[in-house]
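Remarks on the structure that follows.
Indexing begins at 1, ligand by ligand and atom by atom, following the structure's order.
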Amino acid sequence: MEIIESTVSNQTHSPKPPETMDTYLSKMGNNLVTKFHVLMRISQIYDSKNVALQQFTQESLQAINGMIEREGNLSLKIMKNDLYLNAQRLRYSVEGFTSFKYLITQWKKRLIGEVLFKDVIDEDSLKEFIYLLMNLEEGQEENANLVNEELAKRRLFTIEVEPLEISEGEEEAVTLRKEDQREVAKKVFFETVGTIKEVITHIKGKQQADVRKLKRLVQKAVHLVMEDESILLGMTTIKNYDEYTFNHSVNVSIYSLAIGRRLGLQKKFLTELGIAGLLHDIGKSKIPREVLNKPGPLNQEEWVLMKKHSLMGVEIVLNLKQLGEINPRMVIGVFDHHLKNDPSGYPKLFRKKELGLFGRIIQIADVYDAMTTPRIYKKVPFTPEQALAVMLKEKGGQFDPILLKVFIGLVGIFPIGSLALLDTREIGIIYKPNHDPQWMDRPQVMIVARDAKGYAKKEIVDLTERNGNSGFRRSIIKTLDPNKYHIDIAKYFL
Ligand SMILES: [Fe+2]
Ligand SMILES: [Fe+2]
């Protein structure tokens with residue numbers, strides 16, 4: 001497995017893998033970028049005499065000079081959309097992403113490509129430099145010269161800047177590299193599962209839970225979904241990472257975010273929707289484990305209890321310490337998530353109530369994830385397309401038809417994570433849907449091949465690829481049941 005993976009990454013001409021980067025440099029780099037970010041921000045708000053600025057300058061100085069003492073000098077350079085610290089590409093940490101993006105965007109706007117510290121510096125030099133940099137007019141080609149001249153005038157010969165190198169065909173926007181996005185997505189996913197677990201454990205133990213952490217994670221997830229929805233969607237194939245409720249909450253949140261994004265919701269609403277998705281089943285923390293994980297059908301009494309979970313969820317959410325982070329829309333989303341137009345929904349209402357948008361979105365995400373996840377009472381789950389078929393047939397219009405359509409468009413006719421047989425007799429995992437409605441049946445597929453150890457990742461192919469004679473190189477013949485082939489789909493998304 002390892003061998004095959006490394007050949008794959010060689011083929012994609014990736015630079016030196018970041019794992020081999022000096023961990024000291026990597027840590028230092030992330031720390032430095034964060035410090036620069038804060039300094040640059042503060043310099044835009046306060047004048048150079050401000051106390052807050054002084055404190056941060058001190059902290060930044062320690063970071064900068066510590067690095068110079070160790071390495072001799074310090075260069076921070078932008079190449080394309082990456083940052084290089086002393087010629088090594090920095091990989092962003094989840095926490096560091098905002099700072100990376102800010103620094104790259106701000107420097108690019110001013111056409112500054114590199115900052116070089118040739119020797120240790122003092123507080124005043126650093127402050128002068130930051131104000132020089134931030135006060136540059138955007139888009140001026142002579143900016144780098146201007147800074148160097150100013151620095152020379154002030155006899156600050158230890159700092160130097162270089163103009164931005166603009167390579168051809170470069171995208172304007174600062175986006176994460178795909179491999180980094182995948183790393184960030186993984187971290188966000190697992191951290192969120194861990195955090196929701198913590199929240200539920202706290203609630204069970206009648207302790208206060210920290211929702212701010214959840215919010216921060218959801219903000220990161222929103223960011224990822226906006227950049228490339230398929231990466232986080234791929235994570236939803238991880239079905240058994242931890243207890244069902246934790247995994248399920250995160251998956252529902254991801255699906256909801258992806259639907260919300262397709263609807264064009266603003267970031268603020270997406271964050272609220274993502275949190276509502278995470279908390280939709282929080283009421284289950286009040287239901288005994290024996291009932292939640294009961295292998296057989298629930299008895300009447302247990303059902304009555306189970307059906308209380310959406311209302312209990314509302315109560316829990318309203319009692320959260322940081323209620324300021326909670327918006328009525330989220331509370332309604334939790335309340336609505338099992339409400340239906342017919343009597344099978346719950347809680348029972350005296351008067352008919354229209355479902356809110358969050359509730360309608362969460363219902364689709366919720367049912368789809370529940371159906372495609374193995375449970376104690378249903379060991380073999382529905383395949384993604386079986387689940388979609390069931391949802392489409394649902395009588396009485398349980399699901400909002402437009403939202404369901406959006407959802408199907410999102411997961412594709414061949415949802416991410418389905419297994420397919422191709423006309424080349426190859427077997428592949430649907431990796432990324434094709435968003436062009438014309439080519440919905442031609443997603444990107446990861447071809448998997450059997451080797452001595454079972455199945456191993458081989459290559460990602462695009463089914464829109466032609467074969468030279470007006471036909472396609474590969475087409476899907478039919479989908480296969482991964483359970484029959486003993487393929488652990490999630491493994492291929494990590
Ligand atoms: Fe629920
Ligand atoms: Fe649920």
Original post:
Does Arg442 count as lying over the ring of Phe472, i.e. NZ or CZ under 6.0 Å from the six-ring centre, within 45 degrees of the axis?
Top reply: yes

Subject >> Cation over ring face, Lys307 and Trp303, 6.0 Å, 45° >> reply: yes

**OP:** Give every protein N, O or S atom lying under 2.8 Å from the Fe ion (ligand 1), naming each by residue and atom.
**Re:** Asp281 OD1, His309 NE2, His337 NE2, His338 NE2

**OP:** Scan for salt bridge (Lys or Arg N to Asp or Glu O under 4.0 Å) pairs involving residues 362-372, sequence neighbours excluded, and state none if there are none.
**Re:** Lys239-Asp369

Subject >> Working for ring pair (Phe, Tyr, Trp, His ring centres under 6.0 Å), residues His309 and His337 >> reply: CA-CA 10 Å; His309 82 267; His337 87 275; 5.1 Å; yes

Hey, can you pull the donor-acceptor pairs under 3.5 Å for the side chains in residues 412-425, sequence neighbours left out?
from	atom 1	to	atom 2	distance (Å)
Ser418	OG	Pro415	O	2.4
Asp423	OD1	Ser475	N	3.0
Thr424	OG1	Glu426	OE1	2.5

Subject >> Partner set under salt bridge (Lys or Arg N to Asp or Glu O under 4.0 Å) for Glu302, not counting sequence neighbours >> reply: Lys294

